[in-house]
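Structure, as structure tokens:
Below, chains carry the letters A, B, ... as their sequence lines are ordered, and counting in each starts from 1. Just so you know, these numbers come straight off a predicted model, no measurement behind them.
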Protein chains: 2
Amino acid sequence: MKVLNKYSRETARDFALRVLKENILSLELKPGMAISENELSAELKISRTPVREAIIELAKAYLIEIYPQRGSFISLIDPKMVEEARFLRKITDTAVIETACDEIDEEGIKLLEDNVSLQEYYLSKGMTDKIFELDNQFHKDIYVVAKKDIIYEIHSTLMIHFDRVRNLSVATVKDFKVVGDHRNMLEAIKARDKKTAVELVDKHLSRYQIDEKEIRSKKPEYFKV
Amino acid sequence: MKVLNKYSRETARDFALRVLKENILSLELKPGMAISENELSAELKISRTPVREAIIELAKAYLIEIYPQRGSFISLIDPKMVEEARFLRKITDTAVIETACDEIDEEGIKLLEDNVSLQEYYLSKGMTDKIFELDNQFHKDIYVVAKKDIIYEIHSTLMIHFDRVRNLSVATVKDFKVVGDHRNMLEAIKARDKKTAVELVDKHLSRYQIDEKEIRSKKPEYFKV
DNA sequence: CTTAATATACTTGTATACAAGTATATTACG
DNA sequence: CGTAATATACTTGTATACAAGTATATTAAG
């Protein structure tokens with residue numbers, strides 16, 4: 001597991017949570033792999049308590065499975081789980097961008113504009129690795145504009161199911177097209193054009209389509225069913 | 001706080017969680033009220049650890065606010081939070097009932113039919129207190145039919161924000177009309193009539209409309225803003 | 001009496017010890 | 001050698017002790 005640096009103000013629990021999420025998303029912690037509270041606490045140089053609290057939270061999001069007195073395991077990729085996450089993201093993103101069209105104001109425009117401009121800048125400089133983080137932030141900002149930021153937070157951990165499968169996909173290179181999507185979304189929101197905005201969300205998410213069969217053939221041991 | 005009976009197989013953590021949820025929903029634990037891990041563990045006759053773990057989970061759902069070294073408090077009613085929960089329930093219920101229309105089969109019909117029949121029976125006998133639980137189960141069953149039960153689970157804790165405000169409302173007596181709603185929803189799903197089903201969800205949720213002003217004037221100290 | 005300094009009694013965060021149960025390795029037996 | 005009984009070394013669940021910080025009560029000074 002890749003151990004990140006602990007921020008000085010960060011609680012041990014938040015630290016453990018951050019490290020675990022990152023490693024599950026990046027598949028450094030592999031689906032099906034056993035993890036132990038004791039091992040992790042040794043590795044992170046904190047006690048069992050905060051590690052355990054982080055594990056419990058991830059178990060609530062079905063990212064870890066806890067079998068009492070037997071062990072805890074990184075959840076296998078469950079196609080049903082992935083589908084529920086995708087479904088939830090689609091309906092929520094759609095409704096939220098519509099609301100954003102209603103709620104957008106000068107402040108919101110600035111928030112989104114700054115982000116997209118930066119994405120375009122990094123794209124033009126070929127610094128595509130910077131775009132990933134801005135991509136996530138852009139989606140969060142739309143929720144903020146729509147005054148639905150709690151929903152974003154609540155769903156964020158669940159979306160790891162979706163995102164880690166994406167990370168297994170070979171064809172994640174076409175990421176540069178998303179910057180154009182974001183620009184178009186922003187313009188639609190500014191124009192309060194709900195119909196176009198919703199179409200863009202649909203188009204945008206279709207880029208994240210995953211070829212389950214292909215991934216499954218490469219890594220069958222990662223899958224639940 | 002009303003302490004429930006602990007099931008023999010239930011872990012101490014699940015027990016604490018169940019008791020806390022129930023008391024927050026019923027407003028036995030009042031918004032803004034201070035709670036202490038030590039007090040609760042004494043009251044529930046379990047140690048601090050499982051109580052603490054339950055509190056952390058509820059804090060993640062914004063039902064409890066933890067201020068380190070100062071104390072933990074039942075969250076005040078936050079209109080933004082209530083609105084986000086209502087928004088989420090509406091869009092999710094809508095999308096899920098459409099999916100249920102696609103996925104319904106004999107087994108699903110039986111599941112829903114058994115529930116609604118029982119509701120109708122209790123209604124005819126005037127045993128309206130039994131209907132509350134069946135109401136929740138009916139909604140969950142629709143998610144099950146639509147193969148979206150994880151989404152139901154993930155959202156259930158969040159919906160307490162919405163439901164506890166409903167419990168403060170005087171006009172919750174018109175509950176008997178929901179049985180008719182449920183019958184109509186079931187028939188729409190059986191007929192795979194998405195348009196009608198969605199209209200019914202909308203109509204159904206409109207019954208849960210809350211008069212914030214009225215509640216606020218009765219209990220202003222419960223509100224955040 | 002007022003005000004400031006100091007205890008005191010809380011709070012949650014973390015570390016650790018023990019309890020209860022599981023799975024594997026080891027040992028003893030046939 | 002094969003099989004069953006028994007240790008052994010894990011696992012997570014729970015209880016408890018201590019650490020660090022906050023808010024209030026108490027005390028002392030002016």
At a heavy-atom distance below 4.0 Å, which nucleotide of DNA chain C is the first touched by chain A, and which is the last? dT14(C) to dA23(C)

For the helix from dC1(C)-dG30(D) to dG30(C)-dC1(D), what is the angle between the axes at its two ends, each from 5 pairs, rounded to 10°? 30°

Look at [X] together with [Y] and state whether they make a salt bridge at an N to O cut-off of under 4.0 Å.
X      : Y       : answer
K80(A) : D149(B) : yes
R52(A) : E53(B)  : yes
R18(B) : D14(B)  : no
E10(B) : K6(B)   : no
R86(B) : E83(B)  : yes

Strictly by side chain to side chain donor-acceptor pair (under 3.5 Å), give each pair with a member in residues 100-109 of chain A just once, sequence neighbours left out. D102(A)-K194(A), E103(A)-K147(A)

For the side chain of E28(A) and the backbone of K2(A), is there at least one donor-acceptor N/O pair under 3.5 Å apart?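 Pair absent, no side-chain N/O of E28(A) close to backbone of K2(A).
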
Are there over 12 heavy-atom neighbours, none belonging to D129(A), within less than 6.0 Å of that residue's CG? yes

Sorted by chain and residue number, the side-chain hydrogen bond (donor to acceptor under 3.5 Å, both in side chains) partners of D211(A) (sequence neighbours excluded) come out as none

Checking E153(A) now: which residues fulfil side-chain hydrogen bond (donor to acceptor under 3.5 Å, both in side chains) with it, not counting sequence neighbours?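 Listed in chain order: K140(A).
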
Specify the residues of residues 39-59 of chain B, ordered by number, for which at least one heavy atom lies under 4.0 angstrom from an atom of DNA chain C.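 Here the set is R48(B), R52(B).
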
Closest-nucleotide 5' rank along DNA chain C - winner of P68(A) and Y67(B): Y67(B)

